[in-house]
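To start, the structure itself, in structure tokens.
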Amino acid sequence: MSEVQLTIDGQKVVAQSGQTILEAAQSAGIDVPTLCHHPALTSWGACRMCLVEVKGVRGLQASCTSPVADGMEVQTESDAAVEVRKFVLELLFAERNHYCMFCQMSGDCELQDMAYRYGLDHFTYPRPYDKLPLDASRKYFIMDHNRCILCMRCVRACSEITANHTLNVRERGSESMIMADLNIPFGDSTCVECGSCLQVCPTGALIDARSAYGGREKDVTHTETTCMQCSIGCTLDVVTRYNRLLRVDGVWDSEPSGGLLCVDGRFKPLYDNRKRVTAPMVRRDGKLVESGWDEALGVVAEQLKNGTSQGLAACATTNETLDAFSKLFGKVNGEAGLLEPVAPALGYGTEANLSDILDADFIVVAGAQPLDYQRVVGYFIHRAADNGARIAVITDSENKLSERAEMTVSYGDTDRVIRAAADAEKVVLVYSVGLKSKVQAAFRELGDKLTYLALSPGRNQKGATAGGLRTAEPNGAATQYFLMGEQAEDPALLEKLNGAFTVVQASYVSPLVEGADVVLPAPVWYERAGHMTNIEGDVKVVSQVLPMPEGVRDDAVVLAALIDLLQ
Ligand code: FES
């Protein structure tokens, strides 16, 4: 890329060839108004808000799609440009229902901002628009066509970010409407509820069902943290007000997913209404009764001093907690293990990052269901397929990725995949705990062009294994079990404990909690602080978004207190 010198609003600007006028202006701190443009999406050039005057060029140019050129002289707020912008805005306000005072986005709407910026204080044209439908068939968000300005951000987000291609537009001109699939209700469509469309919508056309009318931008608090709903570790922007979760957004330009989230990261945790454990409890005369922390920890410490112990952790927690858990069982007669299975080590090749999926020309999915469990990986595979990558699935059961795959074969036909990958340049093998050893051995043949991504079910599996925890089942020999983490709520575990003394450290009430001898309340995902190691091996910050309820203590602090009691 070579340097290009141009002048924008009289200011000398150095840009890179290939950049747009908009990008050059933004990097020089010059604010050019936009509506259809979004930094996470390809430029569309449809709304005409970003029109600028370029000396010597006939007509106004859309700065979001026009490339810079050496010696260019650009005026971003010339009379002609401002006049056209006002005209465009007047038409937009005439086309559909933009009575801002009744809209949940009022105060945070890009269209409204433009109206203020260009002094629109009345409706210039008659407003003969029809009342358009509102589609509330989705659980987490609503589409109100009356507020839509047809900027296509949602359509592009669905295609470019999630590669799901659910959203499109029907009809032409003033009849144009966003539609899901072939114009069916959003809730019946192929939408995967990733929420990318919702996050890029510049008006109140796509409405978050939970946070609507919950607070304007100036009223809310943003906290950046790391998602722990699966092992990918996407970066989250958690929005809160009055100690209440309002919504979760992705963070554009963040690692590893570039702002793409899935329904598990963005929506589901906000709708978790399970009953919390908010006080330590000890079993007395056959009944679990609330106790103080000192009493509960004293009982656990005494118990751990005698007999043999087994600690089993679910790893939906921080590295600090998992380390403390390992340390605790280093102090007693016993062992610590991990409740979740771990994908086997391949034993050769280099580990891939998520971005390697996008660069690959051949992707093999073996024994893994990313679209169900690590959905963002699945969406990245879809994106790669859109870019021309060939997909092969090796499975003995159904796999949603088969729809986009060139071939789906059983384990016995792995050789077919190896032959098909022979002329590829970059092959990524995506696998999970279901990887068969025959397949594992077969891919060695592809040599250096193979990289791999192992998808383990444990949410902080890399942090757990780095801390020395290995997968284990209740060993049947322990006189006491200590179960930690949200997976510890699995009721089937209770039966495997043979009635031994059981300590459960968990966030929510469950059959396992109700059957325990001591219960230690634990924080939930947005109350924890520390670090997690994501799928790429990066240690990411987990920030406390909201305070813990009174009576709950951080699990790492509780484990440290137990270690002290054992000294
Ligand atoms: Fe450039 Fe819409 S932002 S045309």
Side-chain angles (χ1 to χ4, degrees), residues 4 6-9 13 15-55 57-69 72-96 98 100 105 108-120 145 147-161 167-169 172-174 176-178 196-206 252-253 259:
V4 170
L6 68 159
T7 311
I8 306 178
D9 294 346
V13 176
Q16 301 296 318
S17 65
Q19 276 190 314
T20 61
I21 297 173
L22 178 67
E23 286 166 339
Q26 285 173 336
S27 61
I30 297 166
D31 181 22
V32 180
T34 58
L35 271 180
C36 68
H37 175 79
H38 189 282
L41 303 170
T42 54
S43 289
W44 187 249
C47 75
R48 320 311 281 172
M49 281 307 295
C50 69
L51 292 181
V52 294
E53 209 166 323
V54 180
K55 192 173 174 189
V57 178
R58 251 179 75 189
L60 298 167
Q61 305 299 306
S63 63
C64 67
T65 52
S66 304
V68 290
M72 211 176 220
E73 287 182 39
V74 179
Q75 287 293 328
T76 67
E77 294 283 332
S78 71
D79 290 348
V82 168
E83 195 182 327
V84 172
R85 277 179 206 148
K86 281 186 176 172
F87 179 61
V88 168
L89 284 169
E90 283 163 349
L91 291 179
L92 281 173
F93 273 89
E95 202 169 32
R96 295 200 181 177
H98 297 295
C100 299
M105 284 296 280
D108 295 330
C109 170
E110 294 180 40
L111 178 66
Q112 189 185 30
D113 288 348
M114 289 300 140
Y116 282 125
R117 178 165 172 168
Y118 291 104
L120 264 71
H145 293 279
R147 310 280 196 220
C148 176
I149 58 168
L150 296 167
C151 66
M152 305 292 159
R153 282 194 193 176
C154 57
V155 175
R156 282 176 285 154
C158 189
S159 297
E160 297 171 14
I161 298 180
L167 294 179
N168 214 317
V169 66
R172 289 286 180 272
S174 61
S176 299
M177 293 261 287
I178 301 297
S196 298
C197 58
L198 175 70
Q199 192 174 332
V200 297
C201 179
T203 67
L206 281 158
W252 312 120
D253 285 336

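Note that ligands are numbered from 1 as they come in the structure, with each ligand's atoms numbered from 1 the same way. In what follows, residues are counted from 1 in the order of the sequence shown.
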Subset of ligand 1 atoms that lie under 4.0 Å from at least one heavy atom of C50:
1 (Fe), 3 (S), 4 (S)

Have a look at ligand 1 and work out which part of L35, if any, has a heavy atom under 4.0 Å from it: side chain, backbone, both or neither.
backbone

Applying a heavy-atom cut-off of 4.0 Å, say which part of S43 lies close to ligand 1: side chain, backbone, both or neither.
neither

Short N/O/S contact of C47 with atom 2 (Fe) of ligand 1 (below 2.8 Å)
yes

Please check if the side chain of T203 supplies one atom and the backbone of R147 the other of a donor-acceptor pair under 3.5 Å.
yes

Around W252, counting heavy atoms of other residues, nucleotides and ligands shown, do more than 12 lie under 6.0 Å from its CH2?
yes

Starting from the C-alpha separation in whole Å, work towards a yes-or-no answer on side-chain contact (heavy atoms from CB on, under 4.5 Å) for I21 and V54.
CA-CA 10 Å; I21 297 173; V54 180; 4.0 Å; yes

Can you list the ligand 1 atoms lying under 4.0 Å from a non-hydrogen atom of T34?
3 (S)

Between R85 and E77, does any NZ, NE, NH1 or NH2 come within less than 4.0 Å of an OD or OE carboxylate oxygen?
yes

How long is the gap from CG on L22 to CD1 on I30, to the nearest 0.5 Å?
11.0 Å

Atoms in ligand 1 flagged as close to R48, the criterion being non-hydrogen separation under 4.0 Å:
2 (Fe), 4 (S)

Go through ligand 1 atom by atom and flag the ones less than 4.0 Å from a non-hydrogen atom of A46.
4 (S)

Kindly determine whether L89 and L111 satisfy side-chain contact (heavy atoms from CB on, under 4.5 Å), including the steps that lead there.
CA-CA 8 Å; L89 284 169; L111 178 66; 3.8 Å; yes

Counting backbone and side-chain atoms alike, does H37 have an N/O/S atom under 2.8 Å from atom 1 (Fe) of ligand 1?
no

Look at atom CD of Q16 and say whether more than 12 heavy atoms of other residues, nucleotides or ligands are closer to it than 6.0 Å.
yes

I'd like to know: is atom 2 (Fe) of ligand 1 within the 2.8 Å range of an N/O/S atom from C64, strictly under that distance?
no

